[in-house]
Structure formats: structure tokens, C-alpha cells
Protein chains: 2
Amino acid sequence: MRNTNAKSEIQNLIAESTVALSHTEIQAATKGLCDRVTIYRVLDRLVDEGQVHKIINVDGVVKYANCHSCTDHTHTHAHAHIHFSCQKCKSVTCLTDVEPIFKLPKKYKVSEMNFTLSGLCPQCS
Amino acid sequence: MRNTNAKSEIQNLIAESTVALSHTEIQAATKGLCDRVTIYRVLDRLVDEGQVHKIINVDGVVKYANCHSCTDHTHTHAHAHIHFSCQKCKSVTCLTDVEPIFKLPKKYKVSEMNFTLSGLCPQCS
DNA sequence: TTTCATCTTGCAACAGAGTTGCGAATATAG
DNA sequence: CTATATTCGCAACTCTGTTGCAAGATGAAA
Ligand SMILES: [Mn+2]
Ligand SMILES: [Mn+2]
Ligand SMILES: [Zn+2]
Ligand SMILES: [Zn+2]
């Protein structure tokens, strides 16, 4: 894996953002940096490297956020935290401290969790 | 809201299915019943009526499932249950009995929950 | 520093999911 | 049965993401 301009710019952008960013938002923020296909490919690479994680929002919009709290940066590391999606300002935030408790029927083998709460974020409520 | 052939066929299909169905799956199952645009519009109507709920799967695929356990059929009624997405057979199931417990930082106002666990379903594990 | 295999990029073309406008068809209230 | 609002089919379109390929950039090794 090579370090390129596009990759480090995009990685910095995501790292410095307090909210998860969509492809469209990244494209707007890096205006003219590179082709939109390159953004898709860079994002894939960052996810593969475990630098960034992909979030499917409740409205189906794909967002990317920094793996702040992850020491393990292999691409298989789990993200067992909740995300909060604000219905007003559309921001998506990682709530890394919140760990949900639940009891599944046996026979289900869980390997991944995707948990998003929607409503109003502190800024909007 | 009117009862049409397309609507009742699609509603029955979803009601009789043990797993959530995507637009594509519904189109395949009702082959030739109606136009694909009609399927989209019928699904929107069923969701508005509260007969069916929409699930955004971890892979971003939109699926529809019956509101079995919902007595309230207004379009704003909540769906506070977990969904299970099987990575092998791609089935998405409502686990209506499981209610997760979690503690959010104050200031967040929650109005909706979207919780999907992935792994292997009983049939596949 | 130069070489060179390999990775990355831009461009164009494509694919899939979902939306919109509009005229024709049809469900249902009266 | 008639009138009218709803629903439908079709075609065209948007949006998001993917793929193939030739050209360009990276960095390890010579
Ligand atoms: Mn993470
Ligand atoms: Mn339900
Ligand atoms: Zn907000
Ligand atoms: Zn399965």
C-alpha cells in the first residue's frame, strides 16, 4: 500500500472531522483534489487498512469515520459501538463509550454489530 | 388509500415471508404482476400505512418486513426490535422479542432505533 | 541516482436502485 | 352509474457506486 496525496488528504479530513462523512461531502471538501472514482478507491483502501470505518446510516447513506478508539488497525477489527444520526443536522457521530446489552436466542452466531440511534443531537435539541 | 391487486399481492407476500424481502426479491416473486415502479410505490404506501417496516441492512440493501408484533399501525409507530442479517444465506429476520439495553449521554433525544446484528442464522450455523 | 515492477489515478462507460412526469386506467364514494 | 381522486405503466432521468484500460506515480532494489 502506497502513500499518495489523495490518500493522506482524505485520511486527514476524516480524522479531523467530529462527524462521519459521506463520499459526496468528502468530494465537496476536497474539491478538485482528485477524481471521484479515486475517492471511492481511497476510501476502500482506508477501510481495508482499518484506518477508517464505514457506517450505513438509517437513510441508507454511506458515511466514513475515523477509528479513534481502535488500537487494532487490521481490517477485520470489530466496531462494537453505537452511532447517533441526527434527524435535523444530518450528522452521524460515533458514541464509542456506549456498549449495548442484549440477549439473543441461542443458535445465532454474531460476528458484527450495526447499531444506529436517530433523533436530535446535543446541538440540535 | 385504495385496495388494488398489486397492493394486496405484495402485502400477502411480505406477510407470509419469514424473512425481510428486497424490492428485487419482491419483483422476482411477483413476476409480471405489475411494473417495478408500482412495486416501489406500493411499498411506500404499505410503510406509510404502518403495515410493513423498512429495514436498511448492513450492506445497504433495503428490505421490507411485516409488522407482526405491532398493534399500532400508524406510520409513526416505533420498531424497537433487533434485526439479524445472515452473512451466508443473506436472510434478514426480525427478532421481535429482543430489546437491547443501553445508556446514552444526556442531551441526546432518541426517537428511532436501527439495530442489526450480522453473523450466521440458526439454519446456517 | 537510476531502474522497474507494482500500485494508483483519470477518464469514459456502465450498472443498479430509486424517482418523476404524464396520460391512461380503475377503485370507490355518492 | 357517474364523477373524481388514486393508482398504474411507461419512458426518461438522477444518484451512487463499479469496471476496464492506458497513463502516471511510488518506492524498493540495484
Ligand atoms: Mn472504529
Ligand atoms: Mn414492526
Ligand atoms: Zn444535529
Ligand atoms: Zn443464514
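So that the names make sense, note that chain A is the first sequence line, chain B the second, and so on, each numbered from 1.
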Sorted by chain and number, sequence neighbours left out, ring-ring contact (aromatic ring centres under 6.0 Å, His included) with Phe84(B) holds for Tyr108(A)

Tightest non-hydrogen contact, residues Ile56(B) and Asn114(B), listed as O-OD1, 4.0 Å

Pairs under 3.5 Å (Watson-Crick or G-U), crossing ones as [ ], inter-strand ones as |: DNA chain D comes out as ||||||||||||||||||||||||||||||

Exercise. His81(B) vs His53(B) aromatic rings, parallel, tilted or perpendicular, using cut-offs 30° and 60°?
Worked result: perpendicular

Note: for Arg45(B) and Arg2(B) on DNA chain D, the residue whose nearest nucleotide lies more 5' is Arg2(B)

What residues 3-15 of chain B contributes to the DNA chain C interface at heavy-atom separation below 4.0 Å is Asn3(B)

Give the cluster check for Ile55(A) versus Leu104(B): same hydrophobic cluster or not, with ILVMFWY residues linked at side-chain heavy-atom distances below 4.5 Å. no

OG (Ser85(A)) and NZ (Lys90(A)) are apart, to the nearest 0.5 Å, by 7.5 Å

Query raised in the report: What class does the angle between the rings of His23(B) and Tyr40(B) fall in, given that below 30° is parallel, 30 to 60° is tilted and above 60° is perpendicular?
Result: parallel

What one should report as the nearest heavy-atom pair of Leu117(B) and Ile82(B) is CD1-CG2, 4.0 Å

> Val37(B) and Val42(B): same hydrophobic cluster, using ILVMFWY side-chain contacts below 4.5 Å?
Replying inline: no

The reported gap from OG1 in Thr4(B) to CD1 in Ile10(B) (rounded to nearest 0.5 angstrom) is 8.0 Å

Any side-chain heavy-atom pair of Cys34(A) and Ile39(A) under 4.5 Å:
yes

For nucleotides 11-20 of chain D, 5' to 3', base contacts (B), sugar-phosphate-only contacts (S) and non-contacts (-) with protein non-hydrogen atoms under 4.0 Å give B----SBBBB

With sequence neighbours left out, the residues meeting side-chain contact (heavy atoms from CB on, under 4.5 Å) with Asn3(B) are Lys7(B)

Outermost contacting nts on DNA chain C, any atom under 4.0 Å from chain B heavy atoms, listed 5' then 3', are dA17(C) to dT28(C)

Note: Cys67(A) and Gly50(A) closest approach over all heavy atoms is SG-O, 3.7 Å

